[in-house]
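Data block below; observations after.
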Amino acid sequence: MRLSLLPLLLLLQVFTKTTAASTCIRKERDALFDLKATLKDPQGLLSSWAGPNCCSWYGVTCHNSTGHIIKLDLGSNNFSKDYVLTGDISPSLTHFTHLEYLDLSRNDFGGANIPKFIGSLKNLRHLDLHGAGFGRKIPPQLGNLSKLNYLDISFPSDTFSSSSSVDDLCWLSGLSSLVYLDMSWWNLSAASDWLELLNMLASLQEVHLCFTNLQRTNLNSLSQSNFTVLDRIDLSSNNFNSTFPYWLTSIQSVSEINLAYCGLHGPIPKSVENLTHLEYLDLSKNDFGGRLCKLEYLDLSKNILAGDIVNFGKAMATCMKQLSIVNLGSNNLTGSIPGWLGSSRRLFSLTNLHHLDISSNFLQGVLSEEHLANLSMLSTLAMSSNSLRISVGANWVPPFQLIELQLHSCPLESQFPQWIHTQTSIAIINLSNTGTMGPLPEWVWTSLMSLTSLDLSNNQLTGKLPASLEHMKSLHFLELSSNQLEGQIPDMPRSLEVLDLSNNSFSGSLPNSLGGNDLRFIFLSNNHLNGSIPGYLCDMEWLSTVDLSSNNLSGEIPNQWKQSTTLFALDFSSNNLEGEIPSSIGSLTSIFSLHLSRNKFSGNIPAGLSQLLGLQVLDLASNKLSGPVPRSIGNFTLMASQQSRPISPTMAFDGFGGSIAYYESLYITIKGEERSYTRILNLMKSIDLSDNDLTGEIPIEIGALVELKNLNLSRNFLHGHIPETVGSMRSLESLDLSWNQLSGVIPQSMAPLHLLRHLNMSYNNLSGNIPPGSQLQTLSDEDPYIYVGNSDLCSPLVPESCAGNKEKQAGHEEHTDVHDVLLFVFSGLGFGIGLAAVWWVLIFNKAVSIGYFQFVDSICEKICDWMILLKIKVNMKLMGTRAQNQGD
Ligand SMILES: *[C@@H]1O[C@H](CO)[C@@H](O)[C@H](O)[C@H]1NC(C)=O
Ligand SMILES: *[C@@H]1O[C@H](CO)[C@@H](O)[C@H](O)[C@H]1NC(C)=O
Ligand SMILES: *[C@@H]1O[C@H](CO)[C@@H](O)[C@H](O)[C@H]1NC(C)=O
Ligand SMILES: *[C@@H]1O[C@H](CO)[C@@H](O)[C@H](O)[C@H]1NC(C)=O
Ligand SMILES: *[C@@H]1O[C@H](CO)[C@@H](O)[C@H](O)[C@H]1NC(C)=O
Ligand SMILES: *[C@@H]1O[C@H](CO)[C@@H](O)[C@H](O)[C@H]1NC(C)=O
Ligand SMILES: *[C@@H]1O[C@H](CO)[C@@H](O)[C@H](O)[C@H]1NC(C)=O
Ligand SMILES: *[C@@H]1O[C@H](CO)[C@@H](O)[C@H](O)[C@H]1NC(C)=O
Ligand SMILES: *[C@@H]1O[C@H](CO)[C@@H](O)[C@H](O)[C@H]1NC(C)=O
């Protein structure tokens, strides 16, 4: 806080210099001199304390009309011990009768008493003596500061605290305006009435009393609290003899409670869940256990619960009989779950448990048949993202019938769990990323007919799917990606919304039906599919994303595409498709990303593409397209504007409470090293027409695409000059014009392209000079071979540069040849830029969606930061389960 005040102070000082009214009052100036005289200031922090206008001195603020000093900020921001004030505080301080703000924090007053006379500064509102090295006693005179809002007299740690004790806190009752109190590390053990005294301060919002030796206090001596605006309370590290303070649970405003290391025992009261603003609750290292608990429903998910789950187990031990819902998901709980569920005696009492969600913690251990034997009412078991393993016999018949099973990223026994066969009412199964291997059992498709969602992705499952899944009439979500499944893709049920079979070994042609009108997401990339792209794709009303890339599909793209408001991405790249790019693709006006690269498309680029006003990514590389780059390319309005599509969950609602987002990454091969640049999709703006048979000139209209980040026109037969307008494409980060027949000079207008990181102009007929002093020059200094193969281009660094530089080049020749060969090899391997699509799926309970979106955001940042490519799946849940349980 002080850090942010400093510039303000400086501003004030500048201001006060110029106003006559704030010339300082002589008496107060003299008092400042007195103050300075008794302070030791070896580093001269107060060197500005000289001259007539004390209002402009370091740390001093005067009232802008009366000229009285109202603020004295001498707190040290410097963490070096050498840059602090020491010595004594002169009683002349009392001359500042109008002082409202006094900060002496982080100085070193050597363990002296807090000066009594501070109590006479009766206008004081803010007093910060944190870590100022005052110790021993608190003068009761502080209680005269009835206007005080903010009082911090805490120590940063145990410095002086052993000798700093308080006999009596009665003076606190005088601080009737107090909002903030921090007395951490004072020894308050003698002040037995501290809680009653605090309770009189009805305006308190924040209290810190950690490490204050409050031994043996019964926190429930307070039957009712006066606190109505309390926001944060930290009583951690005090050895109370108490149950959980019930009065806390009646303070609706509270958002942070820290009762860690407090010696608390007994149950955690059910009323904790009424604290709707609670964001942080730390109850770690207590001894909850005890009696008298009627808890039935405990939902503390997404709090920042920290600590060992065993404490919760003890806390709830006696409530277990009633407990039907436990939701501790998305916390920072640690420890071993069998340690909690562990003893058979405790488990025996969990007979009412319907819903257990402990997912996304740091729990570990192995759950055995014995642990689960009495959970006969269990319908939801969610343990995803922990190191928990279920280890049961092959013939185990569970006592429960689950509706939902979430084991995402839990290590499983190697075989597909046989016991799931008995769960005939189950709707949701998520076993993704569990390491399960071997054949995917057939009974999944014959016994589990209630399935609405099945996620078995990222495992090593083998085998085939049945010829048809049309009988799975409830199935909305089928996610089997990244396994070793093979055979035909079956006819899919009409209920399907999301189908992901990518990264398997499926073969044959696409089935007669991939689903009905509800189908939104189709991911079949990286299989061995052949045959043609079925025309029914064009008729699916709500389709959002279709990825059929990296298969052996052949034939032409169907030409019945209709106007759609939902179709967002099409990826048919890396197949054997041929013929012309159908003009009806131009009616997909909502499309964002179109990938047709690495096929055998021929003919012209249809000018109808320019109707795709929302297009941000166009990838037609490595085909046999001929004719010119259409002039209408300048009409891709989103590439020409700073607007991006908002990353909106609405773009991809999955229809049952979750959403799906589609991410892409840009691969760039530079000097033989492939790097992947993954962006949040809505920021990507890219055109790749490389490796075709395009002819004609680069249209000047391309200059309108001022927000384009990547342009690759390499390996075509383009001729003519590089248009001046390229210089206005100021967002370009990567530009590849290599292997064409471009001639003329590199336009001077390109000199301001400061964002350019990757450039390749090699193997053209360019001539003249590289614009000096520009990024174009810098890039060539780093890699002179970006201009190689232009015999008339002048640059001291280009090996076969123009005549004037021939002599300089002589010494480099051998070296050059090697690099030429290397460059050629890399070009042959696909130098340049390709686009690949990555996607991820998020399906989750509505109740946690906000949390997960934050999670997604942070993951996004990580992706961008670390430039890694990843596909994340987050478990799905169905609404209803909780509601149903609550209804019980
Ligand atoms: C003087 O300060 C008060 C509040 O401190 C402020 O509202 C007022 O605008 C200031 N007057 C001038 C002339 O800066
Ligand atoms: C402390 O002050 C010294 C001298 O002004 C400065 O060099 C140093 O960076 C400061 N340290 C911090 C943490 O502000
Ligand atoms: C200040 O507090 C002291 C001790 O609590 C008391 O004796 C004294 O009367 C108070 N002074 C004023 C001016 O209120
Ligand atoms: C705290 O103060 C009490 C007396 O008020 C004293 O008995 C006790 O030893 C002190 N504790 C510590 C840790 O200094
Ligand atoms: C609440 O505070 C008032 C003074 O502000 C006090 O008189 C009253 O006793 C307090 N109530 C409780 C229950 O402590
Ligand atoms: C804690 O309080 C109970 C009574 O409430 C008492 O019997 C017990 O001795 C106390 N324990 C300690 C360590 O003071
Ligand atoms: C939670 O708050 C509601 C509404 O204020 C109240 O009816 C209910 O009794 C409270 N529950 C507990 C356990 O205190
Ligand atoms: C929770 O865990 C994360 C990841 O380890 C950590 O960054 C965060 O500080 C933890 N929060 C708490 C309150 O312990
Ligand atoms: C580009 O769009 C404008 C209207 O926005 C239109 O007049 C023009 O004909 C289009 N250019 C091409 C080449 O399609």
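Quick note: numbers below take in every heavy atom, side chains included, and nothing from hydrogens, waters or symmetry partners. Ligands are counted one by one from 1 in listed order, and the atoms in each one are counted from 1 as well.
Ring orientation note: the planes of F109 and F134 are close to parallel, at an angle under 30° on the 30°/60° scale. The aromatic rings of F33 and W57 lie tilted to each other, with the angle between the two planes from 30° to 60°. W186 and F155 have tilted rings, their planes meeting at an angle from 30° to 60° on a 0 to 90° scale.
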Derivation and outcome, side-chain contact (heavy atoms from CB on, under 4.5 Å), residues D30 and H95: CA-CA 9 Å; D30 292 345; H95 292 302; over 6 Å; no

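Applying side-chain contact (heavy atoms from CB on, under 4.5 Å) to L129 and the options I114, N107, D103 leaves one that passes, I114.
Atom numbering of ligand 4 starts at 1 in the shown order; those under 4.0 Å from a heavy atom of N187 are 1 (C), 2 (O), 3 (C), 8 (C), 10 (C), 11 (N), 12 (C), 14 (O). Those atoms of ligand 4 with a heavy atom of A190 less than 4.0 angstrom away are 5 (O).
Contacts between D167 and ligand 4 below 4.0 angstrom, taking non-hydrogen atoms only, are absent altogether.
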Anything under 3.5 Å between an N or O on ligand 3 and a protein N or O? List each pair with its distance, or write none.
| from | atom 1 | to | atom 2 | distance (Å) |
| --- | --- | --- | --- | --- |
| ligand 3 | 2 (O) | N144 | OD1 | 2.8 |
| ligand 3 | 2 (O) | N144 | ND2 | 2.6 |
| ligand 3 | 11 (N) | N144 | ND2 | 2.9 |

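F227 CZ to L204 CG: the interatomic distance, rounded to the nearest 0.5 Å, is 6.0 Å. Here L259 contributes atom CG and N238 contributes atom CG; the two are 10.0 Å apart, rounded to the nearest 0.5 Å.
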